[in-house]
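Since the structure comes first, as C-alpha cells, the remarks are kept for the end.
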Amino acid sequence: MSSLDVVHQLNYSKIYNSDMQERILCAQQRDCYFDQDNAAIQYMLRKDLSPFFDVSDLNALNLLTVDSFIYAFLEKLCNVYDRPPVFQFADGVNQTAKDRFSALMEEVRIHQVMQETFLRCRLHNTVLATVKWSKQLDRLFVENGYNIGNTMVVEHPEYMYDASLVAYETLAWDNKPRWIVWDRENGEHFATDGAPKWDAQSRTVTSDKIPIPPSSNVAAPKVWPWVAYHYKLQNDFWGNGLDGLLQLARSINVLLTVLNDDSIRETIRLLILSFAPAGTQGEKGQLKSGLTHPIYPESRVGNTTPPQAQVVSADLYTEQIIALIEKLTEIISSLHNIPNPLKSQLTDNLAGVTLRMKNEPLLQQWEKDQGVMRPYDKELVRRIVEVNNFYRPNNKIDAAALDEMTIVYSDPSIVTDEKAELEVEQIKWSAGLSTPVAYMQSKNPNMTAQEAEQRITDNLELYNELMGMKVQVMVPGADNNLNGDREQDEETDEDK
C-alpha cells in the first residue's frame, strides 16, 4: 500500500468516525422525541437558541415545545397495525398448539410490540428487537428500543444487513454500567467493562469477557433472540433515519418560543436615527433591545444636532410565523401522503370518489408497508417461540406449526364512504365476484367463514325481530331455502 493510499484510508476513517458520531447523536435525539421526553427536548431547544440569547435571557424564556409532534406524525404515517393482525393456521395444526401459541402471543403483547416496533423502525430506518425471559417472573417479553444511538453491531461478513454481534450498555446485575454482548459468530454471551473491542482480523472481541450470572462461562444459550427490522436497505446496516422530521420539530419549537417571547417582552422596535446608539451589551457583543434593555443616544459633546429617535414599528409578525409553521408541516406531510398533524382535516363533506382518491396514496403505502414488515414479523414470532421452547421445555410449541401460519393484516383505519363501498360490494355479489361472507371476513379478519355466515344470519334475524320485516341475503354455501318459502307461500294462497 502506498503512502497516498494510507493517507486516503486515514482520512476516510476520520470522516466515517465523525459521521458515525453525528448519526448516533441524531438517533438519540430522535428517541427523545419518540419518548416525548420534555426535559431532553427543552435541553435541545436551549441549545438551538443559545447562539442568539445570553444565558440570563435564555433562562428567562418561556420555552414552548411540541413534544408529541413526531409521534403523532408517525401514527398517521404508519397504519399497518391500526387493527391487530390475525394469525391463521392451516387445518392440520392441532388445537393445543394453537391455544399455546395464542397464550404466548398475548403474554408478550404482540400487537403492541409490532405496532411500536414499526413506528421505531420508520423513525430510525433500522431497529433491533430482542426476546427476553425473566426467570424470577417466568415471563417472556420483547424489547424493541435498540438502534444506532444505543447499540453496537458487527455486520455479518457475507450479508451486511444481518448482525454477527450485538452489544448494548445497561445497568448490570451488580448495579454497574456494563456492555452486554451477544456474539453469534463465536457462540458467546458475556459482559464487558466499556464498549467491546472487536478485532476484524480474528473476528472476535478482545476485551475482557465477564460471565453473566448465573452462568460461570461465556457460552451463549442455544437460541439467538435478535431480529433486525430494516425499513429500507441502504448503504450500511443501520441506514438513515428521519432526521428531516427531527429538524422540522426543532425548528417549530424555536419559532413557537420566539413568537411567544416576542409577544410578551419585545413588542417595541426602535429605529435609531442621527446618533450612535448606546445601551446594554450582551455576552456575544450584540446590543440588546426591548423594554427591559432601553437604547439611548451616546453623549456627543459639541454636537449641535439633537439626536432623534422614534418608534417606527411594533409588528409582531404572529400570523406570518404561524403560517410558516403550518406551511412547513404541510410540506413534510404531503411528501409522506398524510394529513398535517398540526392541522385538523375536514372530511365530513367529502364524496365517496373524493375520499377514495384522497385515501389512495395511504392505501398504497399500507400495502407497501405490510410487505416490508411481514417477513420481520414472522421472524420475530419464530424467535418468541424458540426462546419460549428453550426456557420452558414443558410448555413447548411445535415450531413446525409456524410453517403453516400466515399473518393477516387488517385494512387501515381511514375515513371511507361506507354507503358507496357497500353498493360496490353488492354489485360484486350479484356478479358472482364476491359474497357477503367474504365481505364480513374482510371487516373481521379473525372470523372463519362459518362464523361470518352465522354473524350475518344473527344480524338479519335481529333486524327482522326489531323492524317487523323479513330481509334475506343470499349467502353462498348456506341453506337459503328461498324456493321452499315460495312453494309454501303458494300452497297457503291455494288453501285460501
Side-chain angles (χ1 to χ4, degrees), residues 81 84-117 127-146 162-163 165-168 170-174 178 180-191 209-229 373-408 445-446 448 451:
Y81 305 96
V86 177
F87 302 98
Q88 293 183 350
F89 290 89
D91 295 337
V93 179
N94 64 71
Q95 191 60 42
T96 301
K98 293 181 183 178
D99 293 341
R100 286 183 178 180
F101 178 84
S102 297
L104 181 59
M105 293 301 104
E106 186 175 343
E107 178 184 0
V108 299
R109 300 176 181 175
I110 192 64
H111 176 230
Q112 179 181 349
V113 166
M114 287 181 171
Q115 187 175 40
E116 185 178 293
T117 303
V127 294
L128 290 164
T130 183
V131 186
K132 295 185 176 182
W133 177 69
S134 170
K135 182 178 180 180
Q136 184 177 4
L137 300 175
D138 186 24
R139 181 183 178 88
L140 257 69
F141 56 95
V142 179
E143 291 183 350
N144 53 18
Y146 299 94
D162 205 352
L165 178 143
V166 177
Y168 60 93
T170 187
L171 198 63
W173 63 91
D174 53 1
R178 299 184 190 274
I180 305 299
V181 182
W182 285 84
D183 188 344
R184 186 182 194 178
E185 198 166 321
N186 298 294
E188 295 179 336
H189 180 43
F190 53 88
K209 301 173 184 178
I210 305 170
I212 299 175
S215 177
S216 58
N217 56 58
V218 297
K222 301 298 182 182
V223 59
W224 177 252
W226 294 92
V227 178
Y229 278 76
M373 301 305 289
R374 179 177 280 109
Y376 300 132
D377 286 344
K378 292 193 71 171
E379 187 178 357
L380 177 62
V381 169
R382 189 171 292 275
R383 291 284 185 272
I384 293 172
V385 171
E386 290 172 351
V387 173
N388 172 78
N389 292 350
F390 181 80
Y391 289 106
R392 295 167 171 170
N394 296 327
N395 193 38
K396 281 188 175 182
I397 297 172
D398 185 6
L402 301 181
D403 297 331
E404 306 297 325
M405 180 202 73
T406 57
I407 302 177
V408 180
N446 57 327
T448 64
E451 290 171 339

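In this chain, numbering begins with 1 at the start of the sequence shown.
The side chain to side chain donor-acceptor pair (under 3.5 Å) test applied to Glu188 returns Lys209, not counting sequence neighbours. Asp398 meets the side chain to side chain donor-acceptor pair (under 3.5 Å) test with no other residue; sequence neighbours excluded.
Under a cut-off of 6.0 angstrom, the local environment of CD in Gln95 is crowded, with over 12 non-hydrogen atoms contributed by other residues, nucleotides or ligands. Around the CZ atom of Arg139, the shell of radius 6.0 Å holds more than 12 heavy atoms that belong to other residues, nucleotides or ligands.
Scanning both residues, Met405 and Phe89, for their nearest heavy atoms gives CB-CE2, 3.6 Å. When all heavy atoms of Asn394 and Arg100 are compared, the closest pair comes out as O-NH2, 4.3 Å. For Pro211 against Pro213, the heavy-atom pair with the smallest separation is O-CD, 3.5 Å. In terms of heavy atoms, Ile384 sits closest to Met105 at CG2-CE, 3.8 Å. For the residue pair Ala97 and Ile397, the shortest heavy atom distance occurs at O-CG2, 4.4 Å. Nearest heavy-atom pair across Lys98 and Val93 is CE-O, 3.4 Å.
A donor-acceptor pair is defined here as one N or O able to donate and one able to accept, closer than 3.5 Å; such a pair exists between the side chain of His189 and the backbone of Val181. A donor-acceptor pair is defined here as one N or O able to donate and one able to accept, closer than 3.5 Å; such a pair exists between the side chain of Ser215 and the backbone of Asn217. In this structure, His111 contributes its side chain and Tyr81 its backbone to a donor-acceptor pair below 3.5 Å. Panel note: side chain Glu451, backbone Thr448; a donor-acceptor pair is recorded below 3.5 Å. For Arg383 (side chain) and Trp224 (main-chain N/O), a donor-acceptor pair under 3.5 Å exists by modelled atom type.
Proximity of Phe141 to Val131: side-chain heavy atoms (C-beta onward) are nowhere separated by under 4.5 Å. Two residues are said to be in side-chain contact when any heavy atoms from C-beta on lie closer than 4.5 Å; Val142 and Thr130 fail this criterion. Annotation: side chain of Leu380 is in contact with side chain of Tyr229 (closest heavy-atom distance under 4.5 Å). In this structure, Val387 and Lys132 have side chains that are not in contact, with every pair of non-hydrogen atoms separated by 4.5 Å or more.
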- [ ] Evaluate the side-chain contact (heavy atoms from CB on, under 4.5 Å) criterion for residues Trp226 and Arg184: first the C-alpha distance (whole Å), next the side-chain angles of each, then the deciding distance (0.1 Å), finally the verdict.
- [x] CA-CA 10 Å; Trp226 294 92; Arg184 186 182 194 178; over 6 Å; no

Open item on the list: What verdict does the side-chain contact (heavy atoms from CB on, under 4.5 Å) test give for Val381 and Met114, after you've listed the backbone C-alpha separation in whole Å, the side-chain angles of each residue and the deciding distance to 0.1 Å?
Closed with: CA-CA 10 Å; Val381 169; Met114 287 181 171; 4.0 Å; yes

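We find the NZ-CG distance between Lys378 and Leu402 to be 8.5 Å, quoted to the nearest 0.5 Å. For the atom pair CG of Leu165 and CG of Asp183, the computed distance is 5.0 Å after rounding to the nearest 0.5 Å. The CG atom of Leu140 sits 13.0 Å away from the CZ atom of Arg109 when rounded to the nearest 0.5 Å. Atoms OG and CD1, from Ser102 and Ile110 in turn, are 12.0 Å apart once rounded to the nearest 0.5 Å.
Using a cutoff of 4.0 Å between basic side-chain nitrogens and carboxylate oxygens, Glu107 and Arg392 are scored as salt-bridged. Glu379 and Arg382 are not joined by a salt bridge, as no carboxylate oxygen comes within less than 4.0 angstrom of a charged side-chain nitrogen.
Each of Thr117, Val166, Asn144 was scored for a side-chain contact (heavy atoms from CB on, under 4.5 Å) with Leu128, with one residue passing: Val166.
The ring of Trp182 has its center no closer than 6.0 angstrom to the ring center of Phe190.
Side-chain contact annotation: Trp133 with Asn388, donor-acceptor N/O pair under 3.5 Å absent. If you check the side chains of Asp138 and Tyr391, you find no donor sitting under 3.5 Å from an acceptor.
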